[in-house]
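No hydrogens, no waters, no symmetry mates; every other heavy atom, side chains included, goes into these values. We count ligands from 1, going down the list as the structure has it; atoms in each ligand are counted the same way.
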Amino acid sequence: MLQALELRKDFGGLTVLQPTSVDFLPGEVHALMGENGAGKSTLMKILAGLYQPDGGQIKWRNQVVTFRSPHDALTAGIAMIHQELMPIPHLTVAENITLGAEPTGTLGFIDRKAQLVRAATLLAELDSDINPARLMHTLTVAQTQVVEIAKALGRQADVVLMDEPTAALSDLEVAALFRAITRLKARGVAVVYTTHKMDEVFQLADRITVLRDGTYIGTHLARDLSPPKLIEMMVGRELSDVFPARGQASQDVILEVKGLSREPAYRNISFKLHRGEILALSGLMGAGRTEIVSALYGLQPTFEGEIWIRGQLSWIRSPADAIAAGIGMVTEDRKGLGLIPAQSVQQNITLSSLHKLSLGPLLDHAREKKEASAQISQFAVRTSGPQQPIHQLSGGNQQKSLIARCLLHDPDIIILDEPTRGIDIGAKAEIYAIIQKLAQAGKAVLLVSSELLEVLSLAHRIMVIRQGDLAAELDATKTDQVTLLHHAMPL
Ligand SMILES: Nc1ncnc2c1ncn2[C@@H]1O[C@H](COP(=O)(O)OP(=O)(O)OP(=O)(O)O)[C@@H](O)[C@H]1O
Ligand SMILES: [Mg+2]
């Protein structure tokens, strides 16, 4: 149905995609796998008309075609769900879903009622109950992703390119998406899929193509590959221990939260966090986990309850208060809250530490550059240099830069909200090692994660949040996925 023939892409004199040929068949799920920066999104964006190739051709139903814009590709029958979500914030959910394909009435005006019904139908196919009349900017990251998926499914395309569609989804939402993909397959649609979640690939894919550092490595039937074999193709070496061993947590309480409430998001949350401990907040998307940790970092200043740090009642009403109290955070919503896209990698990394890098009122530029470069190499951020605009980095490398920012101001209490979302398996292993090292150095880590395996393998203790309540507190070494899900499900 669709063929990439020797497609190549250069950026600023660097070839980020070496000539790559792959074909995509009707009714198949074709996974594109590779580490951060491997060129997966680049290949997809060429196929979707967003980038022009610097070499090679696209064949569509055996004809050589040129897509000058995403509109060209969409008209031909190719839709894409983007990794970096691009909703139009001040429009409604229904307007976003039907954008460019609005149902019209007899006089040519947009039929608002049909628009709402159409959006609701597409959302229902994904088991979602988001109200289509809501404004886009009021949605969570997960809901935004569901809307983007509904939008692509509504285009009745013959090829749907899905670039990390599940990155922000809970397990239940993932299951709904997989059912939708099964229906697409049955209709003969070609699905091209990228993800950093190994289990998804083997559940979904018929064939797998691997890219490494912009180079085509190979295409195989999924049933001919095993996870270790696939990982080896992706990283070019064997990867032994993804999860390092846990250290011993101390009895020394560094953070105590008493009766934290902010209706209707969460209520009466109390817990203690010890030095050397990794405490996970588990639960379904929308359970209130992000709201709780946002309060601790001063992002949601109106709440009831008390936050005690090192035995002292603390007043945290802004991120500056939190940083001064020794709290660092990597937020879940990297695009909305974390990243300053137009600024350099260096500026993004040093943003929370400028007070430490200044002499009086003046920023010590030499030191800023030195510290940023050290973080870049410690986290193996793939960039052409500290001055590169961060929006040009691949998703995973943007995330590593944000973790570097959080650690640069040397917090004692580290809040990580979905720290490995969109990060490749090699980088995940690096980040897990960093988290364990931080804990072993006496830091306390509060981890929010939707990947159950991650929670079970990294944390000492797990708090399960269900609809804003603290539903259970579990010893991570003595529980399992089923128990976690059981506590997380709404009653
Ligand atoms: N617009 C751009 N300008 C400059 N360089 C770019 C641009 N887009 C991508 N690149 C570079 O091309 C390379 C491949 O990036 P790409 O986004 O395709 O990777 P990816 O495989 O999708 O990674 P990830 O898993 O992190 O999403 C990266 O090194 C990236 O920095
Ligand atoms: Mg990508």
Side-chain angles (χ1 to χ4, degrees), residues 4 7-20 22 30-56 70 80-86 145 148 161-168 192-198 200-201 208-218 230-231 233-236 334-335 338-339 341-346 348-349 376 379-404 418-431:
L7 285 178
R8 196 191 87 226
K9 185 68 193 167
D10 305 330
F11 281 116
L14 273 168
T15 299
V16 301
L17 186 68
Q18 301 285 350
T20 294
V22 203
H30 196 126
L32 280 180
M33 298 295 289
E35 293 193 281
N36 295 131
K40 307 177 297 288
S41 297
T42 301
L43 176 58
M44 282 188 163
K45 285 174 183 172
I46 296 173
L47 296 172
L50 200 68
Y51 287 165
Q52 297 307 309
D54 293 302
M80 178 160 174
I81 301 166
H82 288 273
Q83 178 178 10
E84 309 302 336
L85 302 175
M86 308 184 200
Q145 190 139 33
E148 292 279 315
L161 305 161
M162 303 188 175
D163 198 357
E164 294 191 42
T166 61
V192 187
Y193 194 95
T194 70
T195 181
H196 288 291
K197 300 179 185 169
M198 279 294 151
E200 286 185 0
V201 188
I208 302 175
T209 289
V210 176
L211 298 173
R212 188 198 312 151
D213 276 343
T215 305
Y216 174 82
I217 302 294
L230 174 59
I231 291 170
M233 286 176 74
M234 288 164 55
V235 303
R334 128 171 120 230
K335 221 180 163 197
L339 217 65
Q343 292 204 346
S344 67
V345 178
Q346 169 173 323
N348 272 278
I349 288 180
I376 287 170
F379 288 91
V381 178
R382 271 183 51 104
T383 167
S384 61
Q387 302 308 332
Q388 188 178 13
I390 200 159
H391 68 84
Q392 290 180 359
L393 266 55
S394 72
N397 283 301
Q398 293 179 359
Q399 182 71 351
K400 285 200 260 179
S401 307
L402 291 186
I403 294 178
E418 305 287 358
T420 64
R421 169 182 300 165
I423 285 196
D424 69 53
I425 186 84
K428 268 184 187 163
E430 283 167 32
I431 285 170

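Considering backbone and side-chain atoms together, Gln388 places no N or O closer than 3.5 Å to any N or O of ligand 1.
In terms of protein heavy-atom proximity, atom 27 (O) of ligand 1 is closest to Gln83 NE2, 2.8 Å. Of all protein heavy atoms, the one lying nearest to atom 9 (C) of ligand 1 is Phe11 CE1, 3.7 Å. Closest to atom 31 (O) of ligand 1 among all protein heavy atoms lies Gln392 O, 2.9 Å. The protein heavy atom nearest to atom 29 (O) of ligand 1 is Arg382 NH2, 3.8 Å. Atom 26 (O) of ligand 1 has Asn36 ND2, 2.7 Å as its closest protein atom, hydrogens excluded (heavy atom only).
Taking 4.5 Å as the limit, every side-chain heavy atom of Met44 sits out of range of all side-chain heavy atoms of His82. Counting heavy atoms from C-beta on, the side chains of Asn397 and Thr383 never come closer than 4.5 Å.
Residue contacts with ligand 1 include His196, since one of its heavy atoms falls under 4.0 Å from the ligand. For the pair Glu35 and ligand 1, a heavy-atom separation below 4.0 Å is found. Put simply, part of Gly39 is less than 4.0 Å from ligand 1, judged by heavy atoms.
Checked options Lys197, His196, Met234; the residue passing with Ile425 is Met234 (criterion: side chain to side chain contact (heavy atoms under 4.5 Å, CB included)).
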*Stepwise, does the side-chain contact (heavy atoms from CB on, under 4.5 Å) test hold for Tyr51 with Lys9?*
CA-CA 9 Å; Tyr51 287 165; Lys9 185 68 193 167; 4.3 Å; yes
*Could you check Ile431 against Lys400 for side-chain contact (heavy atoms from CB on, under 4.5 Å), going step by step and ending with a plain yes or no?*
CA-CA 8 Å; Ile431 285 170; Lys400 285 200 260 179; 4.3 Å; yes
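Judged purely by atom type and a 3.5 angstrom limit, Arg8 has no side-chain atom pairing as donor or acceptor with the backbone of Gly56. Side-chain atoms of Lys428 do not come within 3.5 Å of backbone N or O of Thr420 as any donor-acceptor pair. Remark: the backbone N or O of Leu393 is paired with a side-chain donor or acceptor of Gln398 at under 3.5 angstrom. Between the side chain of Lys40 and the backbone N or O of Glu35, at least one donor-acceptor pair lies under 3.5 Å.
Our summary of the site lists the angle at the Mg ion (ligand 2) between OG of Ser41 and OE1 of Gln83 as 80°, to the nearest 10 degrees.
When Gly34, Ser41, Gly37 are ranked by how near their heavy atoms come to atom 22 (O) of ligand 1, first place goes to Ser41.
Applying the 4.0 Å criterion to heavy atoms of Tyr51 picks out, from ligand 1, the atoms 1 (N), 8 (N). Within ligand 1, the atoms closer than 4.0 Å to a non-hydrogen atom of Thr42 are 14 (C), 15 (O), 16 (P), 18 (O), numbered from 1 in the order shown. Listed by atom number, the atoms of ligand 1 under 4.0 Å from Ala38 heavy atoms are 19 (O), 20 (P), 21 (O).
With a 4.0 Å heavy-atom cut-off, ligand 1 is reached by the side chain of Glu164 but not by its N, CA, C or O. Only the side chain of Val16 comes within 4.0 Å of ligand 1, counting heavy atoms alone; its backbone N, CA, C and O stay farther away.
Between Asp213 and Arg382 there is a salt bridge, since a side-chain N of the basic residue sits under 4.0 Å from a carboxylate O of the acidic one.
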